[in-house]
Number of protein chains: 2
Amino acid sequence: MSKSNNVYKDAYNRCLRLLDETRSLPSEPELGALLGVSRTTVRSILTRMEETGLIAWNKRAKTVLRDPHPDDFFPEEETDTLAEIIERSFMRRLLAGGAEAGMQINELELAREIGVGTTSVREFLIRFSRFGLIEKRRNSHWVLKGFTRAFALELTEIREMFELRSAAAFAALPQDSAVWADLDRLEAEHRLLASEIATRFNEFSELDERFHRLIHRASRNRFIVDFYDVIAMIFHYHYQWNKAQERERNEVAVGEHLAYIEALKSRDLGKVDAACRKHLKSARQTLLTSIPENRPSQKP
Amino acid sequence: MSKSNNVYKDAYNRCLRLLDETRSLPSEPELGALLGVSRTTVRSILTRMEETGLIAWNKRAKTVLRDPHPDDFFPEEETDTLAEIIERSFMRRLLAGGAEAGMQINELELAREIGVGTTSVREFLIRFSRFGLIEKRRNSHWVLKGFTRAFALELTEIREMFELRSAAAFAALPQDSAVWADLDRLEAEHRLLASEIATRFNEFSELDERFHRLIHRASRNRFIVDFYDVIAMIFHYHYQWNKAQERERNEVAVGEHLAYIEALKSRDLGKVDAACRKHLKSARQTLLTSIPENRPSQKP
DNA sequence: TTAATGTCTTTTATCGTGAAAAAACAGTTT
DNA sequence: AAACTGTTTTTTCACGATAAAAGACATTAA
């Protein structure tokens with residue numbers, strides 16, 4: 001088995017959902033654009049839909065014959081990218097097992113354990129290395145630097161530097177910029193979430209990311225924008241393992257976001273700075289308290 | 001041919017240079033540490049040195065029999081890493097040919113042109129992507145973002161943010177820190193270079209990098225330290241293609257460095273800030289003037 | 001008994017290969 | 001002619017295989 005057809009399967013599933021809404025499908029190029037795949041994949045999808053009696057397909061005519069049944073869908077786990085699979089496995093090991101700083105990472109072992117080729121693992125590790133958690137020894141193994149207090153502090157130091165600058169840039173954006181509408185929309189979502197926080201508190205992390213990415217984009221600096229990938233990755237996994245007081249924490253954060261949004265809308269740089277600082281401080285605090293005390297530690 | 005033995009060849013050449021200085025070689029582990037390779041490679045080296053009559057080797061005794069001859073050395077080009085070869089080829093194309101922003105990069109074509117496997121090219125591109133000059137389209141080609149004015153501005157914006165902070169951290173380091181000795185040594189090298197600038201101006205770029213890396217290291221932040229790789233890479237190639245007024249530019253820069261060093265040694269934060277700003281401003285200017293005017297440009 | 005050498009095993013680096021997916025080309029339909 | 005469908009070519013992605021290099025183990029010398 002050399003390459004999984006997850007692109008096809010995922011697009012197929014998404015296409016099934018389209019069937020509910022319409023009586024006939026659009027042209028092949030249009031469908032491709034809609035699903036974000038090539039025509040080749042679109043045609044594979046249509047072929048199967050015809051075979052399973054979901055549609056009648058003759059050239060331009062693609063008529064929906066019946067509603068999709070639950071078992072028309074490919075299983076969720078078959079739609080994941082190899083990269084996603086590797087990342088999940090790797091992070092699980094990193095967070096669960098005794099991932100001591102200084103530990104060495106073995107490509108071959110990792111590949112065998114996950115059941116994939118070494119090339120994919122290598123490529124993953126190279127991509128992952130930009131997060132600053134691992135480091136390569138030339139012609140030899142990778143070294144785990146560990147998710148330590150030091151890491152969290154270094155990460156948040158940069159985050160604060162970048163976000164303060166981005167927030168200031170944001171507030172200075174002209175009134176007719178499209179971001180203000182985006183901000184209004186995000187504000188509404190925040191208010192809604194705040195009012196239903198008791199039941200929907202776990203939806204905060206996704207909103208959080210969208211909000212901060214919007215702000216960072218105002219910097220118009222690719223390095224700042226890209227750096228948010230590091231933060232997002234860390235917080236993504238952080239949310240998964242640190243469930244203590246999740247509701248309370250998120251409730252506070254939503255409040256801080258709303259104050260932050262208010263400050264941005266006031267376009268008063270002093271207020272923006274203060275609101276941003278306040279929120280970042282509590283975000284850092286949350287992250288830090290979730291990290292166990294300093295392990296034996298490693299040499300610099 | 002699946003893997004070149006450049007590690008062996010490079011270590012062999014370096015080992016030849018050791019023969020000049022001594023009458024007998026140290027133990028295998030010691031040699032390995034000295035050359036930065038494993039014992040396996042050390043033994044290959046020793047084996048060949050015995051075969052070519054350079055040494056007599058019997059267990060612990062490794063006596064030098066004759067001085068190495070120029071053609072005992074492996075050719076320079078055989079000692080390069082594949083990654084270096086690919087990077088050079090890639091950068092040559094990028095700087096020489098019409099590398100318009102938006103252009104797409106073809107892994108297969110690149111691999112064929114350089115004469116290497118696709119895997120190596122892929123890995124190179126993934127590593128290279130952190131420089132912000134290329135971007136991947138999922139399941140498809142890479143896109144060249146171009147070495148534009150915008151890129152240079154974004155890069156220098158971060159550089160200035162990071163270096164100002166690092167410089168302040170540097171100045172705040174305790175008197176007994178080892179960095180002050182490093183700084184003194186660099187100062188001496190600068191003074192020497194300044195006095196012989198007419199003939200040695202092209203040695204500045206290497207000194208420049210060592211100086212700025214020393215400062216960045218004071219931040220004790222891996223993201224700041226790592227970011228210097230981006231700057232170093234850009235300046236490395238920049239020095240190669242922009243030879244206009246090289247002597248003058250470098251002379252000015254050496255002067256700025258000396259003022260900067262003076263400021264650091266004074267430990268007066270105001271002076272440090274001023275000297276750092278001044279130097280970074282002229283560095284940015286140099287970089288910017290070397291970039292041709294805005295090409296047609298791309299959408300954000 | 002410590003530190004080296006000799007030998008064997010494991011891992012990394014790189015290629016060629018083949019299926020999945022994209023992209024290009026050619027022919028049709030409206 | 002513009003936009004679509006049918007077909008072919010090219011490229012990306014991922015694997016297994018193999019030489020180079022590292023590392024582990026066993027043995028021997030000091």
Side-chain angles (χ1 to χ4, degrees), chain A residues 1-11 26-32 35-47 57-62 81-83 85-86 104-112 115-126 136-142, chain B residues 1-11 26-32 35-47 57-62 81-83 85-86 104-112 115-126 136-142:
Chain A
M1 168 248 312
S2 82
K3 192 183 181 185
S4 93
N5 53 354
N6 65 80
V7 172
Y8 157 71
K9 288 178 176 171
D10 181 55
S27 77
E28 294 172 15
E30 209 171 322
L31 251 180
L35 298 169
V37 295
S38 73
R39 253 189 73 218
T40 308
T41 304
V42 168
R43 298 189 115 240
S44 312
I45 292 171
L46 293 174
T47 305
W57 181 25
N58 186 292
K59 312 214 165 163
R60 290 168 198 231
K62 307 170 194 82
T81 315
L82 234 209
I85 294 169
I86 296 175
Q104 62 187 65
I105 297 163
N106 187 316
E107 290 176 4
L108 199 59
E109 185 187 320
L110 213 60
R112 272 195 296 248
V116 298
T118 51
T119 314
S120 314
V121 170
R122 279 174 68 79
E123 288 182 5
F124 165 76
L125 291 171
I126 295 170
K136 176 121 190 86
R137 292 286 143 81
R138 175 72 100 73
N139 275 315
S140 179
H141 54 261
W142 291 82
Chain B
M1 169 246 310
S2 81
K3 192 183 179 183
S4 93
N5 53 354
N6 66 80
V7 172
Y8 157 71
K9 288 178 176 171
D10 182 53
S27 78
E28 295 173 13
E30 208 170 323
L31 251 181
L35 298 170
V37 296
S38 73
R39 252 189 73 218
T40 307
T41 304
V42 167
R43 297 189 113 239
S44 311
I45 292 171
L46 292 174
T47 305
W57 181 26
N58 187 291
K59 314 218 163 156
R60 291 164 199 234
K62 308 173 194 77
T81 315
L82 233 210
I85 295 168
I86 296 175
Q104 60 186 65
I105 296 162
N106 188 316
E107 290 176 4
L108 200 59
E109 186 187 319
L110 214 59
R112 271 195 297 249
V116 298
T118 51
T119 314
S120 314
V121 170
R122 278 173 69 78
E123 288 184 4
F124 165 76
L125 291 172
I126 294 170
K136 176 122 189 86
R137 291 288 144 81
R138 174 73 101 70
N139 273 314
S140 180
H141 53 260
W142 291 82

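Fair warning: this is a prediction, and the values are worked out from it, not measured in the lab. Chain identifiers are assigned alphabetically (A, B, ...) following the order of the sequence lines, protein sequences preceding nucleic acid strands; residue numbering begins at 1 within each chain.
Under the 4.5 Å side-chain criterion, counting only non-hydrogen atoms from C-beta, B:Thr81 is in contact with A:Arg138. Put simply, the side chain of B:Ile126 reaches to within 4.5 Å of the side chain of B:Trp142, judged on heavy atoms. In this structure, B:Pro29 and B:Arg39 have side chains that are in contact, with non-hydrogen atoms separated by less than 4.5 Å. B:Thr47 has its side chain within reach of B:Trp57: a pair of non-hydrogen atoms, C-beta onward, lies under 4.5 Å apart.
When heavy atoms are screened at a 4.0 angstrom cut-off, B:Ile105 is found touching the sugar-phosphate backbone but no base atom.
With sequence neighbours excluded, the residues forming a salt bridge (Lys or Arg N to Asp or Glu O under 4.0 Å) with A:Glu109 are A:Arg93, listed by chain and number.
As rounded to whole Å, 19 Å separates atom P of C:dG18 from atom CG of A:Asn5. The separation between B:Phe124 atom CZ and C:dT14 atom P is 13 Å, rounded to whole Å. Taking atom CG of residue A:Asp10 and atom P of nucleotide C:dA21, one finds them 10 Å apart after rounding to whole Å. The NZ atom of A:Lys3 sits 12 Å away from the P atom of C:dA19 (whole-angstrom rounding). The CZ atom of B:Arg137 sits 16 Å away from the C1' atom of C:dA21 (whole-angstrom rounding). In this structure, CG of B:Leu125 is placed 15 Å from P of D:dT11, rounded to the nearest angstrom. A:Glu107 places its CD atom 15 Å from the C1' atom of D:dG23, with the value rounded to the nearest Å. Rounded to an integer number of Å, the gap from A:Ile45 CD1 to C:dA21 C1' is 11 Å.
For the OP1/OP2 pair of C:dA22 and a distance below 4.0 Å, the side-chain nitrogens and oxygens of A:Ser38 include at least one atom meeting the criterion. Dashed line: the shortest gap from a side-chain N or O of B:Arg138 to OP1 or OP2 of D:dC13 is not under 4.0 Å. OP1 or OP2 of D:dG23 lies within a sub-4.0 Å distance of a side-chain N or O belonging to A:Ser140. OP1 or OP2 of C:dA22 sits under 4.0 Å from a side-chain N or O of A:Thr41. In terms of phosphate contacts, B:His141 brings a side-chain nitrogen or oxygen within less than 4.0 Å of OP1 or OP2 of C:dA23. For D:dC4, the OP1/OP2 oxygens have no side-chain nitrogen or oxygen of A:Lys62 closer than 4.0 Å. Contact check, B:Lys9 against D:dA21: no side-chain N or O comes under 4.0 Å of OP1 or OP2. Note on B:Ser120: a side-chain N or O is less than 4.0 Å away from OP1 or OP2 of C:dC15.
Counting all heavy atoms, side chain and backbone alike, B:Glu123 lies closest to A:Glu123 at CG-CG, 4.2 Å. Smallest separation of non-hydrogen atoms from B:Glu107 and B:Val121: O-CG1, 3.9 Å. Heavy-atom minimum distance, B:Arg43 versus B:Glu28: NE-OE1, 3.1 Å. Considering all non-hydrogen atoms of both residues, A:Ala11 and A:Ile45 come closest at CB-CD1, 3.6 Å.
When each of B:Thr118 and A:Ala61 is assigned the nucleotide of DNA chain D bearing its nearest heavy atom, the one mapping closer to the 5' terminus is A:Ala61. In terms of position on DNA chain C, the residue among B:Thr119 and A:Val7 whose nearest nucleotide sits closer to the 5' end is B:Thr119. Remark on DNA chain C: of its neighbouring residues A:Arg60 and B:Ser27, the 5'-side contact belongs to B:Ser27, judged by nearest-heavy-atom nucleotide.
Checking D:dA14, C:dT14, D:dC4 against every side-chain atom of A:Leu82, the shortest atom distance belongs to D:dA14. With C:dT11, D:dT11, D:dT12 as the choices, the nucleotide that has an atom nearest any side-chain atom of A:Asn106 turns out to be C:dT11. For A:Ser2, whose side chain is taken as the heavy atoms from C-beta onward, the closest listed nucleotide among C:dA21, C:dG18, D:dA21 is C:dG18.
Over its length, the helix from C:dT1-D:dA30 to C:dT30-D:dA1 turns its helix axis by 30°, as judged from the five terminal pairs at each end, rounded to 10°.
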Please write out each protein N/O paired with an N/O of nucleotides 6-8 of chain D under 3.5 Å, distance rounded to 0.1 Å.
unit_1 : atom_1 : unit_2  : atom_2 : d
D:dG6  : OP2    : A:Arg43 : NH2    : 2.3
D:dG6  : O5'    : A:Arg43 : NH2    : 3.4
D:dG6  : N7     : A:Arg39 : NH2    : 2.6
D:dG6  : O6     : A:Arg39 : NH1    : 2.8

Practice item. Start with the C-alpha distance between A:Leu46 and A:Leu31, add both sets of side-chain angles, then the distance that settles side chain to side chain contact (heavy atoms under 4.5 Å, CB included), and finish with yes or no. Key: CA-CA 10 Å; A:Leu46 293 174; A:Leu31 251 180; 4.1 Å; yes
